[in-house]
Each structure stands twice: as C-alpha cells, then as structure tokens.
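Here is the structure we will look at.
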Amino acid sequence: MRILVAYGTKRGGTRGLAEMIAQDITNAGLEADIREARRVKSLAGYDAAIIGGSAYMFRWHRDVVRLVKKHATELRSIPTWLFCSGPVGAGAENLDEYEKLAPKHMLAAATDLNARGTKVFGGRLEPNARGFIAAKMAKNSAGDWRDPQLVDKWVHDVVASLGVSHS
Ligand SMILES: Cc1cc2nc3c(=O)[nH]c(=O)nc-3n(C[C@H](O)[C@H](O)[C@H](O)COP(=O)(O)O)c2cc1C
C-alpha cells in the first residue's frame, strides 16, 4: 500500500510533522511518499493520502488548499486524512479545544472529500522567526509543540483504519 504524505509549509515546521508521519507509516510496513504539496502533479498510484499544512491567521497553507481542490475527485476515491500545524504557546497546551479553531478550509475540505479524519497538531515557532508579526509572536510564544508521541498515536489509528495486514 502506497500512501501520499503531502505538506504545505512556510517555516519548515509542517515538513517536520510530515516526516514523522512518513516515518511512522514506513515503520508500520507501508510505503510513504512524502512530497511538497505544490509539487504533487498526480495522485495516480496512491492508495491513501495524508495532507497537511500550516495554519496562519486561521488559514490553511495555500498549497494544500490548492491540492485538495485540484485533486478532489481522486481524493474522494481513496482514504484521505487532513491535518494542520498548528497552535503554539498557550493554544498548544489544549489542542482538543483548539480543534474548533482549525482552518475552515481544512474542515470544509474534509466534508467535501469525505475524509476519514482531521487532526490539529501543535506547531513550532522559532525564536528568530522572520516577519513582523512572527517575530512579535516569537517573543512570547517561541517553542516547539510538535509532539512525536501524538503523531505516532494518530498514524497508528490511521494505519488501523486502513485495515491492511502487514508483517
Ligand atoms: C503570524 C502567525 C500567525 C499564526 N496563526 C496561526 C493560526 O491562526 N492558527 C494556528 O493554529 N497557528 C497559527 N500560527 C502558528 C503556526 O501555524 C505554527 O508556527 C506552525 O507550526 C508553522 O508551520 P510552518 O513552520 O510549517 O510554517 C501562526 C504563526 C504565526 C507566525
């Protein structure tokens, strides 16, 4: 089984989450193909897809928005999961509450694609983040809330949902 793991990122944090996801899939004995969302030209050959992007000002990264729109028909025909990254600082301490603030594009795409699930992962903001607002935010909320254990658990559930047996 070959699974696409596609990501949209501005500052690299979401790529790290995608890498964790792909590694977990590989560890589970399945094949993961990790790609930048804007470089995905076709979904041919994939049996499932996991697509995630960073959230900025409550918006999902535009590359993933474009990907899910452009390939909606194919994504509807395979098991698909969507995720975003994600709250930093206080928001990251209570991720379940934060689900309500997930980017609307992601939630709308989940409905449109009949996705099997969505997930909000904590994000990362580096202390030296560039950009006026990011630098301001980083003064109070710099840190890394990407939780490998949460990713492991989620991927475990994804693989279980695919119902494939592997040795
Ligand atoms: C200016 C700015 C706005 C942000 N807005 C949101 C937001 O609306 N929702 C959210 O969950 N995270 C928000 N974040 C946190 C980022 O999503 C988080 O840092 C994420 O991990 C960045 O991913 P990237 O490194 O892949 O770009 C914001 C961060 C910055 C700097």
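Ligands are counted one by one from 1 in listed order, and the atoms in each one are counted from 1 as well. Computed from heavy atoms alone, side chains included, the values below leave out hydrogens, waters and symmetry copies.
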If you count the atoms of ligand 1 from 1 in the order shown, which ones are under 4.0 Å from a heavy atom of [X]?
X	answer
Lys10	24 (P), 26 (O), 27 (O)
Gly123	21 (O)
Gly13	24 (P), 25 (O), 26 (O)
Tyr98	9 (N), 10 (C), 11 (O)
Pro87	10 (C), 11 (O), 12 (N)

- Message: Going by side-chain contact (heavy atoms from CB on, under 4.5 Å), Leu75 matches just one of Leu43, Leu82, Leu4. Which one?
- Response: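 Only one of Leu43, Leu82, Leu4 forms a side-chain contact (heavy atoms from CB on, under 4.5 Å) with Leu75, namely Leu43.
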
Same apolar cluster (I L V M F W Y, side chains within < 4.5 Å links), [X]/[Y]:
X	Y	value
Val88	Tyr98	no
Leu125	Leu17	no
Tyr56	Val64	no
Val164	Val155	yes

- Message: If we only consider heavy atoms of Trp145, is any one of them less than 4.0 Å away from an atom in ligand 1?
- Response: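 The answer is no, since Trp145 has no heavy atom less than 4.0 Å from ligand 1.
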
Would you mind checking which non-hydrogen protein atom is closest to [atom], with the distance to 0.1 Å?
atom	result
atom 12 (N) of ligand 1	Gly86 O, 3.2 Å
atom 22 (C) of ligand 1	Tyr56 OH, 3.4 Å
atom 5 (N) of ligand 1	Met57 N, 2.9 Å
atom 19 (O) of ligand 1	Arg124 O, 2.7 Å
atom 23 (O) of ligand 1	Ser54 CB, 3.2 Å
atom 8 (O) of ligand 1	Phe58 N, 2.6 Å

Note, [X] side chain near [Y] side chain (heavy atom, < 4.5 Å):
X	Y	value
Glu126	Arg11	no
Tyr7	Ile21	no
Asp33	Arg2	yes
Trp145	Leu95	no

- Could you please spell out the steps behind the side-chain contact (heavy atoms from CB on, under 4.5 Å) verdict for Asp24 and Trp154? CA-CA 10 Å; Asp24 282 344; Trp154 187 69; over 6 Å; no

Give yes if a backbone or side-chain nitrogen or oxygen of [X] is under 3.5 Å from a nitrogen or oxygen of ligand 1, and no if not.
X	answer
Ala134	no
Val88	no
Arg59	no
Arg11	yes
Ile133	no
Leu125	no

- Query: Counting only heavy atoms, which portion of Thr9 has something under 4.0 Å from ligand 1: side chain, backbone, both, or neither?
  - Reply: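 Thr9 to ligand 1: contacts from backbone and side chain alike.
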
- Of the side chain and backbone of Met137, name the one, both, or neither that has a heavy atom under 4.0 Å from an atom of ligand 1.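 Contact part for Met137 vs ligand 1: side chain (C-beta onward).
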
- Message: I'd like to know if the side chain of Arg38 and the backbone of Leu67 have a donor-acceptor N/O pair within less than 3.5 Å.
- Response: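 Side chain of Arg38 to backbone of Leu67, a donor-acceptor pair under 3.5 Å: no, none is there.
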
- Task: Pick, from Ala55, Ala102, Cys84, Gly8, the option with the minimum heavy-atom distance to atom 13 (C) of ligand 1.
- Result: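 Of the listed residues, Ala55 has the closest heavy atom.
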
- Message: Tell me the closest heavy-atom pair linking Gly91 and Pro87, and the distance in Å.
- Response: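 Smallest heavy-atom distance, with atoms named: C-CB, 3.6 Å.
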
